Amino acid sequence: MRRTFARALAGPLVLAAAAAAVPLVSAAPAAADSVVVGGFPVDVSNSPWTVALASRDRFGGTRAGQFCVGVAVSRHTVLTAAHCMGEEVLGTTPDRLRDFSVIAGRTDLLSSGGQEIRVRRTYVNPAYDKATNAGDFAVLTLAQPLPAGAVIRMAGAGDPAYLPGSSALVYGWGDVTGAGDYARGLRAARVHVLPDVLCRNAYPGGGEGRYQAASMVCAGEPQGGRDACQGDSGGPLVAQGKLIGLVSWGTGCGRAGSPGVYTRVSEIARALRWSVRAADKA
């Protein structure tokens, strides 16, 4: 089954997602799908730019309404996956979600630490292609600024962090086993940037999606075992201290021969520059 890494509600929505491509979104109102498979617990102070996307109204309060992950690239701007903003996940359009917020500075979703900031505006890439998952990004503008230190730099085109073999970390609150075992604390997994050919062979097109090297990053382990999973959609892939990808899609979680596919940040950095500057001046 092709998966995307966001969290959908139980019932008909889950069946619909399974029949198509399931981005890594969470799958139950009370518990997000999974955290990073093959990972380890981390404190959010080590990755303060990692935030949880939440709506208690839509997903319940057990995990503070967490359904996807985001990454702060400016004090007012958070990147996430476009598929996290779909009606099949939210049940409505983002602008109609009554309590849409990001949770920043909180390791344990059930704690009262950090802050919850309302999302003021949502921009979903109009070129996002659900058939291939190309262009899988959205931009959230926050109603209040994040702390200055809670921002990560985006890697530009040609940055060595994108080279195959680069060691990377992926962060999230998603499924930790691939069997719907959701964690309440932030986790990370060590993966490697993989050669594009591995993802081209794994995802040549059709029902499993099509890997496009110009706008995607292939990462994981060839033998499987460490990967993002359900509930991790939109989360950061970080190499050499820079953001290189957003958790997007793949087949299964941590399977050999089925690496994770990430939205390539260098392809969206230029388009974001003007909006980030405008938001920080607001």
Side-chain angles (χ1 to χ4, degrees), residues 4-5 23-24 36-40 42 46-50 69-74 79-82 125 127 129 132-137 151-172 187-205 208-229 232-273 276:
T4 48
F5 299 101
L24 298 191
V36 178
V37 171
F40 53 91
V42 293
N46 295 318
S47 58
W49 17 262
T50 305
V69 184
V71 53
V73 294
S74 89
L79 296 182
T80 191
N125 178 21
D129 183 349
T132 63
N133 275 336
D136 188 14
F137 76 90
V151 172
I152 190 169
R153 185 160 60 99
M154 296 181 285
D159 194 294
Y162 291 106
L163 291 175
S166 294
S167 179
L169 285 167
V170 56
Y171 298 85
R187 293 176 70 88
R190 297 188 189 279
V191 296
H192 287 89
V193 178
L194 299 175
D196 291 323
V197 66
L198 294 183
C199 276
R200 283 199 195 99
N201 291 340
Y203 311 114
E208 294 301 304
R210 185 170 72 253
Y211 182 77
Q212 300 179 20
S215 62
M216 300 176 184
V217 175
C218 186
E221 298 299 319
Q223 71 276 18
R226 294 195 295 273
D227 196 2
C229 199
D232 293 325
S233 280
L237 179 68
V238 177
Q240 299 179 20
K242 289 163 282 190
L243 179 67
I244 64 170
L246 305 176
V247 175
S248 185
W249 64 285
T251 298
C253 298
R255 293 183 186 176
S258 299
V261 181
Y262 297 77
T263 302
R264 184 176 290 264
V265 168
S266 62
E267 290 304 296
I268 61 178
R270 288 188 200 132
L272 280 176
R273 227 165 263 146
V276 168

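Note that the numbering runs from 1 along the sequence shown for the chain. The model shown is predicted, which means the values in this text are computed figures rather than measured ones.
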For G135 against N125, the heavy-atom pair lying closest together
O-ND2, 2.8 Å
Full working for side-chain contact (heavy atoms from CB on, under 4.5 Å) between V265 and Y162:
CA-CA 10 Å; V265 168; Y162 291 106; 3.9 Å; yes
Interatomic distance, OH@Y211 vs CG@L198, rounded to 0.5 Å, equals 9.5 Å
Please tabulate, for the side chains in residues 235-246, all donor-acceptor contacts under 3.5 angstrom to protein atoms that are two or more places apart in sequence or on a different chain.
residue: K242; atom: NZ; partner: D159; partner atom: OD1; Å: 3.1
residue: K242; atom: NZ; partner: D159; partner atom: OD2; Å: 2.8

Please round to the nearest 0.5 Å and tell me the distance separating atom CG of L194 and atom OG of S166.
10.5 Å
Okay, side chain of R264, backbone of A213: is any donor-acceptor separation there less than 3.5 Å?
yes
At their closest point, which heavy atom of T80 faces which heavy atom of V69, and how far apart are they?
OG1-O, 2.8 Å
With rounding to the nearest 0.5 angstrom, report the CZ to CG distance, F137 to L79.
8.0 Å
side-chain contact (heavy atoms from CB on, under 4.5 Å) between D232 and V170: does it pass, once the steps are laid out?
CA-CA 9 Å; D232 293 325; V170 56; 5.8 Å; no
Tell me whether Y203 contacts the main-chain N or O of T251 through its side chain, where contact means a donor paired with an acceptor under 3.5 Å.
yes
If you look at every heavy atom in D227 and Y262, which pair is closest and at what distance?
OD1-OH, 4.3 Å
OG1 (T50) and CZ (R187) are apart, to the nearest 0.5 Å, by 14.5 Å
Flag for N133-S248: side-chain donor and acceptor within less than 3.5 Å
no
What pair of heavy atoms forms the shortest contact from M216 to R210, and how long is it?
CE-O, 3.6 Å
Please name the pair of heavy atoms, one in G156 and one in S266, separated by the smallest distance, quoted to 0.1 Å.
C-CB, 3.7 Å
With sequence neighbours excluded, what pairs up with V42 under the side-chain contact (heavy atoms from CB on, under 4.5 Å) test?
F40, Y171, L186, A188
At their closest point, which heavy atom of A134 faces which heavy atom of Q212, and how far apart are they?
CB-OE1, 3.8 Å
